[in-house]
Amino acid sequence: SISSSAASEADPEQLQREQQARSVLRENFLRCLVSMTNKKVQFHMHEKVKVEATFGASDIDVLNFQVSDLQTPIGVQKEALIRCQDVISVTFDV
Amino acid sequence: MMQCRWPLLGPLQWIRYTDKQVKLKVGKHEEHRGWMLTVDPVSASVVLVDFSEAGTSVRVVMGHAVEEVEVLQDADAETVQRLRSAFVLPKTPSLDP
(Lines give C-alpha, C1' and ligand atoms only; values in the text may rest on other atoms or scores of the structure.)
Protein backbone atom coordinates (compact mmCIF):
# COMPACT_ATOMS: atom_id res chain seq x y z
CA SER A 1 0.00 0.00 0.00
CA ILE A 2 0.91 3.66 -0.15
CA SER A 3 3.20 5.47 2.27
CA SER A 4 1.36 7.51 4.87
CA SER A 5 3.00 10.77 3.89
CA ALA A 6 4.33 11.37 0.40
CA ALA A 7 4.96 15.10 0.64
CA SER A 8 6.15 16.18 4.03
CA GLU A 9 8.36 14.74 6.70
CA ALA A 10 9.09 17.82 8.79
CA ASP A 11 6.64 20.66 8.06
CA PRO A 12 3.63 20.31 10.42
CA GLU A 13 1.47 22.74 8.43
CA GLN A 14 2.05 20.79 5.26
CA LEU A 15 1.25 17.58 7.09
CA GLN A 16 -2.00 19.09 8.36
CA ARG A 17 -3.04 20.10 4.85
CA GLU A 18 -2.14 16.67 3.58
CA GLN A 19 -4.20 14.95 6.28
CA GLN A 20 -7.14 17.24 5.49
CA ALA A 21 -6.96 16.34 1.81
CA ARG A 22 -6.58 12.66 2.66
CA SER A 23 -9.69 12.60 4.81
CA VAL A 24 -11.83 14.38 2.20
CA LEU A 25 -10.67 12.00 -0.52
CA ARG A 26 -11.15 8.88 1.60
CA GLU A 27 -14.60 9.88 2.82
CA ASN A 28 -15.81 10.39 -0.73
CA PHE A 29 -14.32 7.06 -1.77
CA LEU A 30 -16.05 5.26 1.10
CA ARG A 31 -19.35 6.89 0.10
CA CYS A 32 -18.81 5.53 -3.38
CA LEU A 33 -18.16 2.02 -2.00
CA VAL A 34 -21.29 2.18 0.15
CA SER A 35 -23.40 3.15 -2.83
CA MET A 36 -22.00 0.14 -4.75
CA THR A 37 -23.26 -2.29 -2.12
CA ASN A 38 -25.88 -4.72 -3.47
CA LYS A 39 -25.58 -3.22 -6.95
CA LYS A 40 -24.86 -5.12 -10.14
CA VAL A 41 -21.33 -4.17 -11.13
CA GLN A 42 -19.11 -5.08 -14.02
CA PHE A 43 -15.45 -5.93 -13.45
CA HIS A 44 -13.02 -5.18 -16.23
CA MET A 45 -10.04 -7.49 -15.83
CA HIS A 46 -6.84 -8.11 -17.73
CA GLU A 47 -6.98 -9.55 -21.26
CA LYS A 48 -10.30 -7.72 -21.81
CA VAL A 49 -12.17 -10.15 -19.56
CA LYS A 50 -15.44 -8.70 -18.25
CA VAL A 51 -17.47 -10.34 -15.51
CA GLU A 52 -20.62 -9.27 -13.69
CA ALA A 53 -21.45 -9.70 -10.05
CA THR A 54 -23.39 -8.19 -7.19
CA PHE A 55 -21.02 -6.04 -5.15
CA GLY A 56 -20.78 -6.79 -1.46
CA ALA A 57 -17.84 -5.11 0.23
CA SER A 58 -14.19 -4.17 0.05
CA ASP A 59 -11.57 -4.61 2.74
CA ILE A 60 -10.08 -1.41 4.15
CA ASP A 61 -6.87 -1.69 2.15
CA VAL A 62 -8.81 -2.25 -1.07
CA LEU A 63 -7.01 -5.54 -1.68
CA ASN A 64 -10.10 -7.73 -2.13
CA PHE A 65 -13.72 -7.28 -3.16
CA GLN A 66 -16.39 -9.58 -1.83
CA VAL A 67 -19.10 -10.29 -4.42
CA SER A 68 -22.11 -12.54 -4.92
CA ASP A 69 -23.46 -14.28 -8.03
CA LEU A 70 -20.25 -13.88 -9.98
CA GLN A 71 -21.03 -14.68 -13.62
CA THR A 72 -17.96 -16.51 -14.90
CA PRO A 73 -17.60 -18.18 -18.32
CA ILE A 74 -17.89 -21.58 -16.61
CA GLY A 75 -20.91 -20.81 -14.48
CA VAL A 76 -22.22 -18.70 -11.64
CA GLN A 77 -20.15 -18.55 -8.45
CA LYS A 78 -22.52 -17.88 -5.56
CA GLU A 79 -19.95 -16.12 -3.37
CA ALA A 80 -16.46 -14.99 -4.31
CA LEU A 81 -13.51 -12.82 -3.37
CA ILE A 82 -11.85 -10.93 -6.19
CA ARG A 83 -8.26 -9.76 -5.82
CA CYS A 84 -8.08 -6.07 -6.68
CA GLN A 85 -4.70 -6.64 -8.33
CA ASP A 86 -6.54 -8.62 -11.00
CA VAL A 87 -9.04 -5.84 -11.63
CA ILE A 88 -8.49 -2.86 -13.91
CA SER A 89 -11.77 -1.09 -13.29
CA VAL A 90 -15.29 -1.55 -11.94
CA THR A 91 -18.35 0.09 -13.46
CA PHE A 92 -21.90 0.53 -12.24
CA ASP A 93 -24.89 2.82 -12.62
CA VAL A 94 -26.13 4.97 -9.76
CA MET B 1 -0.41 15.90 -17.75
CA MET B 2 0.66 13.68 -14.91
CA GLN B 3 4.24 12.55 -15.36
CA CYS B 4 5.37 10.55 -12.36
CA ARG B 5 3.69 7.41 -11.11
CA TRP B 6 0.09 8.05 -10.06
CA PRO B 7 0.02 6.00 -6.81
CA LEU B 8 3.03 7.92 -5.48
CA LEU B 9 1.65 11.44 -5.93
CA GLY B 10 -0.04 11.81 -2.53
CA PRO B 11 -3.25 13.52 -1.32
CA LEU B 12 -2.24 17.12 -2.04
CA GLN B 13 -1.61 16.27 -5.68
CA TRP B 14 -4.59 13.95 -6.10
CA ILE B 15 -7.06 16.46 -4.72
CA ARG B 16 -6.08 18.95 -7.45
CA TYR B 17 -7.57 16.55 -10.01
CA THR B 18 -10.97 16.29 -8.32
CA ASP B 19 -13.92 18.17 -9.87
CA LYS B 20 -12.09 18.11 -13.19
CA GLN B 21 -12.97 16.36 -16.40
CA VAL B 22 -10.06 14.05 -17.07
CA LYS B 23 -8.75 11.63 -19.65
CA LEU B 24 -7.35 8.54 -18.00
CA LYS B 25 -4.93 6.21 -19.72
CA VAL B 26 -5.46 2.76 -18.26
CA GLY B 27 -3.21 -0.17 -19.04
CA LYS B 28 -1.80 -0.25 -22.55
CA HIS B 29 -4.84 0.32 -24.71
CA GLU B 30 -7.71 1.69 -22.65
CA GLU B 31 -8.72 5.30 -22.25
CA HIS B 32 -11.55 6.68 -20.16
CA ARG B 33 -13.03 10.15 -19.79
CA GLY B 34 -15.14 11.38 -16.94
CA TRP B 35 -15.45 13.74 -14.00
CA MET B 36 -13.04 12.83 -11.24
CA LEU B 37 -15.00 12.62 -8.02
CA THR B 38 -12.26 11.40 -5.73
CA VAL B 39 -9.11 9.34 -5.35
CA ASP B 40 -8.83 6.71 -2.64
CA PRO B 41 -5.74 7.78 -0.65
CA VAL B 42 -5.11 4.16 0.34
CA SER B 43 -5.15 2.48 -3.07
CA ALA B 44 -4.89 5.54 -5.37
CA SER B 45 -8.02 4.25 -7.13
CA VAL B 46 -9.85 6.89 -9.14
CA VAL B 47 -13.63 7.40 -9.14
CA LEU B 48 -14.85 8.71 -12.49
CA VAL B 49 -18.43 9.84 -12.94
CA ASP B 50 -20.23 10.25 -16.23
CA PHE B 51 -23.58 12.01 -16.57
CA SER B 52 -25.85 11.09 -19.45
CA GLU B 53 -29.56 11.28 -20.12
CA ALA B 54 -29.87 7.62 -19.18
CA GLY B 55 -28.48 8.33 -15.72
CA THR B 56 -25.21 8.52 -13.83
CA SER B 57 -22.56 5.90 -14.45
CA VAL B 58 -19.51 5.39 -12.28
CA ARG B 59 -16.17 3.80 -13.05
CA VAL B 60 -13.68 2.99 -10.33
CA VAL B 61 -10.23 2.57 -11.85
CA MET B 62 -7.76 0.70 -9.64
CA GLY B 63 -4.75 2.82 -8.75
CA HIS B 64 -2.28 0.21 -10.00
CA ALA B 65 -3.81 0.39 -13.48
CA VAL B 66 -3.64 4.18 -13.91
CA GLU B 67 -0.92 5.08 -16.42
CA GLU B 68 -1.60 8.71 -17.17
CA VAL B 69 -4.05 11.42 -16.15
CA GLU B 70 -4.77 14.46 -18.27
CA VAL B 71 -7.05 17.33 -17.19
CA LEU B 72 -9.48 18.37 -19.92
CA GLN B 73 -11.54 21.03 -18.15
CA ASP B 74 -12.80 22.38 -14.83
CA ALA B 75 -16.31 21.61 -13.65
CA ASP B 76 -18.84 24.45 -13.71
CA ALA B 77 -20.98 25.13 -10.63
CA GLU B 78 -23.80 22.88 -11.81
CA THR B 79 -21.50 19.93 -12.45
CA VAL B 80 -19.82 20.37 -9.06
CA GLN B 81 -23.28 20.25 -7.50
CA ARG B 82 -24.16 17.06 -9.40
CA LEU B 83 -20.87 15.47 -8.32
CA ARG B 84 -21.54 16.41 -4.69
CA SER B 85 -24.97 14.81 -4.79
CA ALA B 86 -23.91 11.67 -6.67
CA PHE B 87 -23.46 9.60 -3.49
CA VAL B 88 -25.60 11.29 -0.87
CA LEU B 89 -26.35 9.00 2.01
CA PRO B 90 -28.91 9.29 4.79
CA LYS B 91 -27.51 11.53 7.51
CA THR B 92 -25.82 9.60 10.31
CA PRO B 93 -25.58 10.97 13.83
CA SER B 94 -22.34 12.78 14.67
CA LEU B 95 -19.96 10.89 16.91
CA ASP B 96 -18.45 14.06 18.36
CA PRO B 97 -19.18 14.54 22.09
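Chain letters run A, B, ... following the sequence lines, proteins first and then strands; every chain starts at 1.
For chain A, the nearby part of Val26(B) is the side chain; its heavy atoms alone come within less than 4.5 Å. For Glu30(B), the part lying near chain A is the side chain, with the backbone staying farther off; criterion is any non-hydrogen pair under 4.5 Å. With a threshold of 4.5 angstrom between heavy atoms, Ala54(B) does not approach chain A through any atom at all. Within the 4.5 angstrom heavy-atom criterion, no atom of Leu63(A) approaches chain B. Contacts between Glu27(A) and chain B at a heavy-atom distance below 4.5 Å are absent for every atom of the residue.
With sequence neighbours excluded, the residues forming a ring-ring contact (aromatic ring centres under 6.0 Å, His included) with Phe55(A) are Phe65(A), listed by chain and number.
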ask   = Going through the distances and angles, do Val42(B) and Ile60(A) end up as a side-chain contact (heavy atoms from CB on, under 4.5 Å)?
value = CA-CA 8 Å; Val42(B) 176; Ile60(A) 54 169; over 6 Å; no
request  = Kindly determine whether Gln20(A) and Ile15(B) satisfy side-chain contact (heavy atoms from CB on, under 4.5 Å), including the steps that lead there.
outcome  = CA-CA 10 Å; Gln20(A) 178 72 34; Ile15(B) 207 162; over 6 Å; no
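Counting heavy-atom pairs closer than 4.5 Å to chain B, the top residue among Leu25(A), Val94(A), Asp93(A) is Leu25(A). With chain B as the partner, the residue from Val87(A), Val62(A), Val90(A) showing the most heavy-atom pairs under 4.5 Å is Val90(A). Residue with the most contacts toward chain A among Leu48(B), Thr56(B), Val61(B): Thr56(B) (heavy-atom pairs, distance under 4.5 Å).
Atom CD of Glu13(A) has 12 or fewer heavy atoms from other residues, nucleotides or ligands within 6.0 Å. Around NZ of Lys20(B), the count of heavy atoms belonging to other residues, nucleotides or ligands within 6.0 Å exceeds 12. At most 12 non-hydrogen atoms from other residues, nucleotides or ligands lie less than 6.0 angstrom from CD of Gln16(A).
Rounding to the nearest 0.5 Å gives a distance of 12.0 Å between CZ of Phe87(B) and CG of Leu30(A). Rounded to the nearest 0.5 angstrom, Arg59(B) CZ and Ser89(A) OG are separated by 4.0 Å.
Side-chain contact between Met36(A) and Val58(B): absent, with no pair of heavy atoms (C-beta onward) separated by less than 4.5 Å.
Of the listed residues (Arg22(A), Arg31(A), Arg26(A)), just one forms a salt bridge (charged side-chain N to carboxylate O under 4.0 Å, His left out) with Asp40(B), and that residue is Arg26(A).
Follow the hydrophobic side-chain contacts under 4.5 Å out from Val71(B) and you reach Val69(B) in the same cluster.
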For residues 38-54 of chain A, tabulate all N or O donor-acceptor pairs below 3.5 Å that involve a side-chain atom, not counting sequence neighbours.
residue, atom, partner, partner atom, Å
Lys39(A), NZ, Ser35(A), O, 2.7
His44(A), NE2, Thr91(A), OG1, 3.2

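In terms of heavy atoms, Thr38(B) sits closest to Phe29(A) at CG2-N, 3.6 Å.
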